[in-house]
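We name chains A, B, ... by the order of the sequence lines, and we start the count at 1 in each one.
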Amino acid sequence: KAGVTQTPRYLIKTRGQQVTLSCSPISGHRSVSWYQQTPGQGLQFLFEYFSETQRNKGNFPGRFSGRQFSNSRSEMNVSTLELGDSALYLCASSQGFEETQYFGPGTRLLVL
Amino acid sequence: AQSVTQLGSHVSVSEGALVLLRCNYSSSVPPYLFWYVQYPNQGLQLLLKYTSAATLVKGINGFEAEFKKSETSFHLTKPSAHMSDAAQNFCAVSSGANSKLTFGKGITLSVRP
C-alpha cells in the first residue's frame, strides 16, 4: 500500500504571498491531520479533517485553513505569508479516531 | 489539556549500549501514548504505541516502552544501540477519542562507534 504523499516537497515563497499544500492519504484512510514543525516550537497541531469536515483545530491564526475532498485528499492554505511560517508541514492520515496516524515526508516551506 | 515532557534534548550512547529516552505525560483522561522517530529530511515513523492494553509495549527495530501510570511515564528503551538508531525521537499523547497528537520537544539520539 502506498504511504502518505505530500506535494510539493519544497517550496520558496515571499512574504505576503499565499501557498497551498497538498496531501494524499493512505488508501482507505478517512482522517487527515496537519502539523507544523519548527526548531523553536516543535511539532504543533494545525487541524484535522474527517469525511470532509473539520473535526479539530489547533491554535493558529485564521490565515491557516484547510479542506478535505470526497476522495479524502486534503489541502492546506496559508494566506499572507510571514517569515515565521517557514517550517516543515507534515500531513498524517488514519482510518479514524483511536487509530494510528501515519505521516508523510512533509513539505518544507521557506518564506523570504 | 494534555502535555508531554521529554527531559534533555540530546542523548549520546555507544554502539551496543542501552538506550533510554525519557517521557512523562500529563492527561486528564486515559491516554494513548506514542513514540515516533524522525530521520533527517523525512517525516515521522511510528516506533510503538500504548492504547491501554499491555503496559509493556514492543515496537519496531527492537525498541520497547513501559507505561507506568503511577509515574505518568512512558520511557523508551532498547537493550543494544545500533548506528542506524541515530535520529530524533518524539513522544506524543492523545486522548484516543480525539486524534490530535500533542508532542514533546523531541530527543536527538546519537550513537558513537
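In the hydrophobic clustering of this structure, A:F69 does not group with A:V4; members are Ile, Leu, Val, Met, Phe, Trp, Tyr whose side-chain heavy atoms approach within less than 4.5 Å, directly or through other members. Hydrophobic clustering, with ILVMFWY side chains joined whenever heavy atoms are under 4.5 angstrom apart, keeps A:Y10 apart from A:I12.
For B:Q45, no part sits under 4.5 Å from any heavy atom of chain A, backbone or side chain. A:F50 does not touch chain B: none of its heavy atoms, backbone or side chain, sits under 4.5 Å away.
The number of heavy atoms from other shown groups lying within 6.0 Å of CG (A:N59) does not exceed 12. Atom OH of A:Y102 has 12 or fewer heavy atoms from other residues, nucleotides or ligands within 6.0 Å. Residue A:R9 places its CZ atom among more than 12 non-hydrogen atoms of other residues, nucleotides or ligands, all under 6.0 Å distant.
The CD atom of A:Q44 sits 9.5 Å away from the NZ atom of B:K100 when rounded to the nearest 0.5 Å.
Side-chain atoms of B:Y36 never come within 3.5 Å of backbone atoms of A:F103 as a donor-acceptor pair (strictly under, hydrogens ignored).
Within the 4.5 Å cutoff, the side chain of B:L44 has heavy atoms near those of the A:L43 side chain.
Each of A:R108, A:Q37, A:Q41 has some count of heavy-atom pairs under 4.5 Å with chain B, and the biggest count is that of A:Q37.
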